[in-house]
Novice: 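Before we start, here is the structure in question, set down as structure tokens.
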Amino acid sequence: MRLLSVIPVLLAVLVVAGCSSAGNQLNAAGQNVRFVDQQPGAECHYIGTASGEQSNWFSGQQIEGGNSLRGAANNLRNRAAEMGGNVIYNASTPGLSLVSSFVPVATKMSGQVYKCP
């Protein structure tokens, strides 16, 4: 019987914790990374592929005007900077679907990282 009184409290804590998540913040190094639509030229050095993710469980951030996509992009930019890159080409969101518009699943984004002068 005591367990039944604890369950609503646990659910409330989970919901509040999820709603209070600020998402991935762009760090100082990540601010120097930019997305490009055209493949970088020969003067740029290909480093590798990186991915970023924004967890949305209980946060509902995908409903608020693309905040989950922005969080995934920030995470991707931060990771590209950690790799030594400053350009992301061919960024995509492979997990984005109609289902993710209704269900709070994690948003993922990946792209090719380059170091350009």
Side-chain angles (χ1 to χ4, degrees):
M1 194 67 169
R2 187 174 197 150
L3 181 63
L4 291 176
S5 63
V6 173
I7 291 175
V9 173
L10 288 176
L11 287 174
V13 168
L14 287 173
V15 169
V16 170
C19 292
S20 66
S21 68
N24 291 314
Q25 300 298 315
L26 194 58
N27 63 30
Q31 290 178 3
N32 296 321
V33 177
R34 68 189 196 291
F35 290 96
V36 296
D37 293 329
Q38 295 183 353
Q39 186 169 8
E43 71 279 3
C44 298
H45 173 69
Y46 175 71
I47 297 174
T49 302
S51 61
E53 182 175 342
Q54 172 65 51
S55 176
N56 298 318
W57 188 247
F58 284 117
S59 69
Q61 290 182 12
Q62 76 279 5
I63 298 170
E64 299 175 9
N67 283 341
S68 78
L69 190 57
R70 186 176 306 116
N74 287 347
N75 189 239
L76 175 58
R77 289 172 68 188
N78 291 341
R79 289 184 178 180
E82 290 171 5
M83 294 171 64
N86 60 356
V87 169
I88 298 171
Y89 168 67
N90 201 21
S92 63
T93 52
L96 205 57
S97 67
L98 181 62
V99 173
S100 64
S101 298
F102 300 104
V103 178
V105 296
T107 300
K108 298 177 183 178
M109 180 179 277
S110 62
Q112 299 170 359
V113 180
Y114 287 83
K115 173 68 176 173
C116 297

Novice: Applying side chain to side chain donor-acceptor pair (under 3.5 Å) as the test, list every pair that has at least one member in residues 29-42; sequence neighbours left out.
Specialist: Gln39-Tyr114
Novice: Would you give the length of the straight line joining atom CG of Asn27 to atom CD of Glu82, rounded to the nearest 0.5 angstrom?
Specialist: 7.0 Å
Novice: If I take atom CD from residue Glu53 and atom CZ from residue Arg79, how far apart are they, to the nearest 0.5 angstrom?
Specialist: 7.5 Å
Novice: State, to 0.1 Å, how close Gly30 and Ala81 come at their nearest heavy-atom pair, and which atoms those are.
Specialist: N-CB, 3.9 Å
Novice: Counting distance only, does the side-chain N/O of Gln54 pair as donor-acceptor with the main-chain N or O of Arg70 below 3.5 Å?
Specialist: no
Novice: Please list, chain by chain and in numerical order, all residues satisfying side-chain contact (heavy atoms from CB on, under 4.5 Å) with Asn90, sequence neighbours excluded.
Specialist: Gln112
Novice: What are the two closest heavy atoms between Val33 and Gly85, and how far apart are they?
Specialist: CG2-O, 3.6 Å
Novice: If I take atom OG from residue Ser68 and atom NZ from residue Lys108, how far apart are they, to the nearest 0.5 angstrom?
Specialist: 12.5 Å
Novice: Taking atom CG of Leu76 and atom CD1 of Ile88, what is their separation to the nearest 0.5 Å?
Specialist: 3.5 Å
Novice: Hydrophobic side-chain clustering at under 4.5 Å (ILVMFWY, transitive links): who's grouped with Met83? Put none if nobody.
Specialist: Ile47, Val113
Novice: Leu26, Val87: one ILVMFWY side-chain cluster at the under-4.5 Å cut-off?
Specialist: no
Novice: Could you list all the side chain to side chain donor-acceptor pair (under 3.5 Å) pairs where at least one residue sits in residues 40-52, not counting sequence neighbours?
Specialist: Tyr46-Thr49
